[in-house]
Amino acid sequence: MSDDDRVRDNGYDDFLDAVEEGEPYYLESPSGNGWLPPRQMDPETGERELTQQSLPETGEILTSTITNVAGPSFADDAPFVVAVAQFGPVRITGQVRGMDHDDVDIGQEVTIGVGKNETEGERLVVFEPA
Amino acid sequence: MSRVPVAGVGMTKFGKSGERTAREMFAEAAGKAYDDAGIAPDDVDEVYYGNFMGEIAEQQGHSGPLAADAAGVTAPATRIESACASSGSAVRHGVNRIRNGDVDVVLVGGAERMTNLSTPEGTAGLAAAADALWEIKAGVTFPGAYSLMANRYFHEHGGSREDLANIAVKNHDNAVENPLAQFQRAIEVDDVLEAPMVCSPFGLFDCSPMSDGGSAALLVSEDYADDHGLGPDVAIIGTGQNGDRLALQDRVSMTRTPAAERAAAQAYADAGIGPDDVDVAEVHDCFTIAEVLALEALGFYEQGEGIKAATNGDTTIDGELPVNLSGGLKAKGHPVGATGGAQISELTKLLRGDHVNSDAVADAQIGLTHNAGGTVASCVVNVLEVVA
């Protein structure tokens with residue numbers, strides 16, 4: 001299924017669009033908590049007045065794993081590296097590209113981008129060395 | 001709160017039997033529970049049935065009534081879906097219904113058919129326990145999610161793949177004589193370390209297997225037990241359940257499981273006990289690191305110290321707190337929807353003395369089950385006590 005055929009996921013696809021346009025964002029509540037879309041309210045406080053804020057240009061890898069056994073949607077992608085990275089007040093999960101798998105480490109500075117899943121051609125969050 | 005006698009338990013042998021439907025396996029487990037309890041199906045007032053991936057594996061939703069029918073029951077029946085904590089939650093629902101005084105006999109448990117799927121299909125099915133937008137779309141698998149937790153744990157607290165391997169070795173050792181376990185064979189640390197990598201740092205032996213199986217228990221009110229001369233030896237005396245954000249990225253910490261901490265606190269308070277009172281535990285070791293996180297969340301160890309429990313021999317069969325004497329999910333098997341019920345079945349037998357490993361805990365009075373869903377976004381803790 002190409003991206004043109006797929007029904008969009010509100011929030012998630014909006015976020016990827018913004019990353020591709022060079023204007024990634026997160027949602028901030030009045031209390032200052034940060035979240036990724038789709039969010040209608042802050043789960044910490046119940047506040048509903050969420051506003052878009054610019055995502056920091058770089059983030060830091062908090063943890064990662066080299067995945068060798070994948071599901072059918074990523075069969076042609078394996079092995080690949082999945083990481084969780086901290087960008088300001090939000091954490092984002094994505095695949096690390098642009099460096100050797102064994103060199104990915106906690107503390108690595110990365111930038112955020114949008115890549116393609118090799119198996120199905122769908123968009124996904126990718127990180128590259130800053 | 002009042003105790004809820006466990007009148008009877010049953011489970012199938014866990015393993016690869018992909019030709020068997022979930023309904024068939026639940027019926028077998030329920031049949032064993034009826035025989036164990038001396039209760040007929042027409043005495044069952046309600047059914048709570050755990051199942052996670054029926055739509056994926058069998059194109060079967062709406063499986064509560066189906067499972068009840070297979071078990072010979074015409075009564076209100078509800079499927080409980082809470083990923084790998086599905087039947088732990090089913091047990092808790094049964095406990096609460098009896099305590100509330102609304103019913104006297106509840107059939108609880110669950111079943112899962114998994115090995116009819118290919119490994120990639122099963123991997124995708126299990127991944128559905130994660131966040132579909134922010135984890136699955138990035139390629140996160142179920143082992144991958146726990147690998148992210150394990151690598152962060154190593155970073156914050158230390159520990160090694162060898163420490164994780166000792167957990168797998170321990171649980172395989174415990175399963176050798178268990179006729180219901182999927183893997184009745186011992187392994188060595190080197191087997192774990194040299195196995196093909198699934199997701200770093202996990203090799204194949206750090207991961208619970210794809211399994212088929214069913215589990216069941218008959219919970220009764222104390223009045224029913226007295227009226228029918230059942231005299232069960234074991235009762236559930238405390239229960240707790242809690243939750244957390246589904247995606248790891250939204251958690252405050254990736255090395256703690258607050259859902260389990262809160263569920264345990266609730267269950268301990270309900271039972272009127274503390275961690276030091278627990279003599280034996282069955283915990284959710286879907287991956288080796290999961291047992292570490294469970295031991296810490298349950299209050300048996302401070303954070304960062306659970307990683308050495310198996311290495312030090314604390315949780316082995318002859319240790320101070322034997323953990324997963326059934327073999328755990330790692331070696332007994334992990335048919336997802338059946339797992340929480342199987343923990344109740346195995347622990348009941350361990351406590352009443354008719355499990356192959358009962359001699360190791362002959363003086364045990366209190367046991368605990370810890371059943372987690374996803375990366376512990378759901379957790380159910382039940383406390384059992386010898387009451388005979």
Side-chain angles (χ1 to χ4, degrees), chain A residues 6 9-16 33-39 43-44 61-87 90-96 101-102 104-107 114-115 117-120 122-127, chain B residues 56 117-156 195-204 206-207 210 243-255 287 289 375:
Chain A
R6 190 173 64 80
D9 290 313
N10 273 349
Y12 175 78
D13 281 305
D14 298 336
F15 178 84
L16 295 187
N33 298 321
W35 305 97
L36 293 171
R39 282 279 183 188
E44 291 283 351
I61 289 179
L62 299 177
T63 185
S64 68
T65 180
I66 302 171
T67 298
N68 295 301
V69 179
S73 299
F74 287 88
D76 297 335
D77 293 62
F80 54 85
V81 177
V82 170
V84 178
Q86 183 93 44
F87 286 79
V90 295
R91 294 171 176 176
I92 305 173
T93 307
Q95 290 194 8
V96 182
H101 291 174
D102 291 335
V104 178
D105 203 2
I106 291 172
V114 174
N117 165 331
E118 284 182 31
T119 309
E120 297 189 336
E122 289 214 32
R123 298 190 301 172
L124 76 165
V125 172
V126 299
F127 303 130
Chain B
I56 295 170
L117 301 174
S118 68
T119 297
E121 289 171 339
T123 300
L126 290 169
D131 185 316
L133 293 181
W134 291 105
E135 295 184 317
I136 296 174
K137 284 179 181 288
V140 172
T141 62
F142 201 42
Y146 271 93
S147 292
L148 292 168
M149 299 171 88
N151 283 325
R152 185 69 197 180
Y153 186 99
F154 288 160
H155 177 76
E156 292 184 13
M197 290 299 287
V198 176
C199 291
S200 61
F202 296 158
L204 191 62
D206 285 284
C207 309
M210 300 277 185
D244 203 349
R245 300 198 174 93
L246 194 66
L248 276 179
Q249 66 185 27
D250 290 333
R251 307 263 179 88
V252 172
S253 166
M254 289 183 282
T255 60
F287 302 97
I289 190 68
T375 45

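To find a chain, count down the sequence lines: A is the first, B the second, and so on, and within it residues start at 1.
Heavy atoms closer than 4.5 Å to chain A are found nowhere in B/L126, neither backbone nor side chain. Proximity to chain B (any heavy atom under 4.5 Å) is shown, for A/S73, by neither the backbone nor the side chain. For B/D250, the parts sitting under 4.5 Å from any heavy atom of chain A are the backbone and the side chain alike. For A/I106, the part lying near chain B is the side chain, with the backbone staying farther off; criterion is any non-hydrogen pair under 4.5 Å. If you measure heavy-atom distances from A/P79 to chain B, you find no contacts under 4.5 Å at all.
The choice from A/V126, A/V125, A/I92 that makes the most heavy-atom pairs within less than 4.5 Å of chain B is A/I92. The candidate with the highest count of non-hydrogen atom pairs below 4.5 Å against chain B, out of A/V84, A/L124, A/T119, A/V69, is A/V69. Ranked by non-hydrogen atom pairs under 4.5 Å with chain B, the options A/P38, A/A78, A/G107, A/S64 are led by A/S64. Interface remark: of the candidates A/D13, A/D77, A/L36, A/D9, A/L36 forms the most heavy-atom pairs closer than 4.5 Å to chain B. Among A/P43, A/A75, A/G94, the residue making the largest number of heavy-atom pairs under 4.5 Å with chain B is A/P43.
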Exercise for the section: Check step by step if side-chain contact (heavy atoms from CB on, under 4.5 Å) holds for A/L62 and B/M254. Expected result: CA-CA 9 Å; A/L62 299 177; B/M254 289 183 282; 3.8 Å; yes
Problem - Steps toward side-chain contact (heavy atoms from CB on, under 4.5 Å) verdict (A/D102, A/I66) - result: CA-CA 8 Å; A/D102 291 335; A/I66 302 171; 3.5 Å; yes
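Side-chain contact check for B/N151 and A/T63: no donor-acceptor pair (N or O, by modelled atom type) lies under 3.5 Å. Side-chain contact check for A/T93 and B/Q249: at least one donor-acceptor pair (N or O, by modelled atom type) lies under 3.5 Å.
In summary, B/R245 and A/E44 engage in a salt bridge, as defined by a charged side-chain N under 4.0 Å from a carboxylate O.
Between B/F287 and B/F142, the ring planes are perpendicular. Angles over 60° get that label, and only those under 30° would be called parallel. Classified by interplanar angle (parallel below 30°, tilted 30° to 60°, perpendicular above 60°), the ring pair A/F80/A/F74 is tilted.
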